[in-house]
Asker: 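Structure in structure tokens, see below.
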Amino acid sequence: MGMIFTIIGIAIATVLAGIGSAKGVGAAAQAAMGVLSEDSSMFGKMLVLTLLPGTQGLYGFIVAFLMLIGAGVLGGGDTVTWQQGLAYLGASLSVGIGGLVSGIAQGRAAVAGISMCAKDEKNFSKAMVSITLVEIYALLAFIVSLLTVISIPGITF
């Protein structure tokens, strides 16, 4: 039963954070393509602003990978108890839900930043700061999940 909870947790961490990143990067890429169709010299700046919402998917993947290792799915290992499985499932919720919400929000901020840069290239640093502010919440969700996952092997109820 513990392995079922663990696998659900792995899916939540990966899929939800990945959806947030995909939606955020997709929205930003659409806006960036519009800018680049007018001025291809802005490619580097548009690439940076487009990539920022992609970190949430990476955070979800890292947590899921650590869960795969901790649960013994990669490389074999001990059987996961139902308590450990529930703990893995709980740990996945932070990065999964946090990544979903912040990835979409960061994509919206990136679209606005890209629009701002399209009007005046000097606004790039202002756009970067604003977009990065959303990243703080993705990092907090990631840290909570990460700290929970690395503490699970010694779990006691």
Side-chain angles (χ1 to χ4, degrees), residues 1-33 44-116 124-157:
M1 191 61 152
M3 191 56 78
I4 292 170
F5 290 138
T6 302
I7 298 299
I8 292 169
I10 289 166
I12 287 171
T14 307
V15 172
L16 293 183
I19 289 170
S21 279
K23 289 181 80 66
V25 169
Q30 286 177 337
M33 292 303 131
K45 291 180 179 179
M46 294 299 105
L47 180 63
V48 170
L49 298 178
T50 300
L51 286 175
L52 285 171
T55 56
Q56 286 81 347
L58 180 63
Y59 299 152
F61 173 76
I62 291 168
V63 169
F65 185 73
L66 291 174
M67 289 168 62
L68 285 165
I69 292 170
V73 175
L74 295 179
D78 298 331
T79 304
V80 179
T81 66
W82 69 268
Q83 295 98 332
Q84 289 169 319
L86 280 177
Y88 281 126
L89 177 60
S92 73
L93 293 175
S94 177
V95 76
I97 296 170
L100 174 67
V101 173
S102 67
I104 293 168
Q106 196 169 31
R108 289 181 182 148
V111 167
I114 288 167
S115 298
M116 195 167 75
F124 176 74
S125 59
K126 294 174 190 166
M128 279 289 295
V129 169
S130 297
I131 296 164
T132 305
L133 289 173
V134 182
E135 185 73 23
I136 293 168
Y137 299 98
L139 277 169
L140 292 174
F142 171 61
I143 290 168
V144 167
S145 289
L146 182 66
L147 291 174
T148 304
V149 167
I150 63 174
S151 71
I152 289 174
I155 195 169
T156 57
F157 284 105

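Numbers here simply count residues along the sequence, with the first being 1. Remember, predicted model here, so these are calculated numbers, not experimental data.
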Asker: Looking at CG of Leu100 and CD1 of Ile104, how far apart are the two atoms once the value is rounded to the nearest 0.5 Å?
Answerer: 4.5 Å
Asker: Out of curiosity, Met1 CE to Thr79 OG1, how far, rounded to the nearest 0.5 Å?
Answerer: 15.0 Å
Asker: Flag the pair Ile114 / Met46 as yes when at least one side-chain heavy-atom distance between them is below 4.5 Å, and no otherwise.
Answerer: yes
Asker: Give me each pair satisfying salt bridge (Lys or Arg N to Asp or Glu O under 4.0 Å) with a member in residues 45-71, each pair once, sequence neighbours excluded.
Answerer: Lys45-Glu121
Asker: Sequence neighbours left out, what passes side-chain hydrogen bond (donor to acceptor under 3.5 Å, both in side chains) with Thr55? Give chain and number order.
Answerer: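 Listed in chain order: Glu135.
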Asker: Heavy-atom distance under 4.5 Å between the side chains of Leu49 and Phe124, does that happen here?
Answerer: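 Yes, their side chains come closer than 4.5 Å.
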Asker: State the CD1-CG distance between Ile62 and Leu58, to the nearest 0.5 angstrom.
Answerer: 4.0 Å
Asker: Restricting to pairs with a member in residues 85-104, which pass side-chain hydrogen bond (donor to acceptor under 3.5 Å, both in side chains), not counting sequence neighbours?
Answerer: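 Sorted pair list: Gln56-Ser102.
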Asker: Provide the closest heavy-atom pair for Thr148 versus Ile152 in the form atom of the first, atom of the second, distance.
Answerer: O-CG1, 3.1 Å
Asker: Measure the spacing between CD1 of Ile131 and OG1 of Thr50 and express it to the nearest 0.5 Å.
Answerer: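 One finds 8.5 Å between CD1 of Ile131 and OG1 of Thr50.
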Asker: Could you pull out the closest heavy-atom pair between Gln106 and Leu52, with the gap in Å?
Answerer: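 Scanning both residues completely, I find the closest heavy atoms to be OE1-O, 3.2 Å.
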Asker: Any side-chain heavy atom of Val73 within less than 4.5 Å of one from Val80?
Answerer: no
Asker: Taking only distance into account, with no hydrogens and no angle test, what donor-acceptor pairs under 3.5 Å do side-chain atoms of residues 4-15 form with protein atoms, sequence neighbours excluded?
Answerer:
unit_1, atom_1, unit_2, atom_2, d
Thr6, OG1, Gly2, O, 2.8
Thr14, OG1, Ile10, O, 2.9

Asker: Looking at CD1 of Ile150 and CD1 of Ile69, how far apart are the two atoms once the value is rounded to the nearest 0.5 Å?
Answerer: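 Taking CD1 in Ile150 and CD1 in Ile69, the distance rounds to 12.5 Å.
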Asker: Can you tell me which residue among Leu133, Leu139, Val134 is in a side-chain contact (heavy atoms from CB on, under 4.5 Å) with Ile136?
Answerer: Leu133
Asker: Applying salt bridge (Lys or Arg N to Asp or Glu O under 4.0 Å) as the test, list every pair that has at least one member in residues 47-56; sequence neighbours left out.
Answerer: none
Asker: Under 3.5 Å, side-chain donor or acceptor atoms of residues 25-32 against the rest of the protein: list the pairs with distances, not counting sequence neighbours.
Answerer:
none

Asker: Nearest 0.5 Å please: distance from the OG1 atom of Thr81 over to the CE atom of Met3.
Answerer: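 Going from OG1 on Thr81 over to CE on Met3, the span is 10.5 Å.
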Asker: Can you give me the closest heavy-atom contact between Pro53 and Ser21, atom names plus distance?
Answerer: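 The answer is O-OG, 2.8 Å.
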